[in-house]
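Keep in mind it's a predicted model, so treat the numbers as computed, not measured. As the structure lists them, so they are numbered: ligands from 1, and atoms in each ligand from 1.
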Amino acid sequence: MRTILLVEDNEMNRDMLSRRLERKGYRMITAEDGRQGVNLAVQLRPDLVLMDMSLPVLDGWEATRLLKSDPETKPIPVIALTAHAMAGDEKKAYEAGCDDFETKPVVLERLLEKIRMALELEKRDGRY
Ligand code: MN
């Protein structure tokens, strides 16, 4: 079973997305802010991180930069979640090291496809 770390400060979004992905067969870990997200990723090594960008304590860009600058967590794919559908945000997410990008509100089927793709690439590259 693949483990996904969902870093999302909005409780309703966090619970809803977490439940939907659990129903699709993923084991879910959740964090409420960027700092907690980084700590859990380091401790628990999830297979993938879904990272909200607008987060307290440490925002998603900064948290992703930290994960991607640590050789231990660098291989973990990070999919950015953002409410802002602006092109600049997508660019900013990739610059921070995000592997993919999903605009909120999340479209489940589209997000699942991105998750499957990121996990496949990670496996094929033999990054672990
Ligand atoms: Mn947020």
Does the distance from a Lys or Arg side-chain N to an Asp or Glu carboxylate O, for [X] and [Y], drop under 4.0 Å?
X: Lys68; Y: Asp99; value: yes
X: Lys114; Y: Glu109; value: no
X: Asp52; Y: Arg14; value: no

Residues that Ser18 engages under side-chain contact (heavy atoms from CB on, under 4.5 Å), provided they are two or more places apart
Leu6, Glu22, Met28, Thr30
Which atoms of the protein, restricted to N, O or S, are nearer than 2.8 Å to the Mn ion (ligand 1)?
Asp9 OD1, Asp52 OD2, Ser54 O
Quick check: is Leu17 connected to Met12 through a chain of hydrophobic side chains (ILVMFWY, heavy atoms under 4.5 Å apart)?
no
Test side chain to side chain contact (heavy atoms under 4.5 Å, CB included) on Leu48 and Leu119 and set out the steps.
CA-CA 7 Å; Leu48 183 138; Leu119 290 173; 4.1 Å; yes
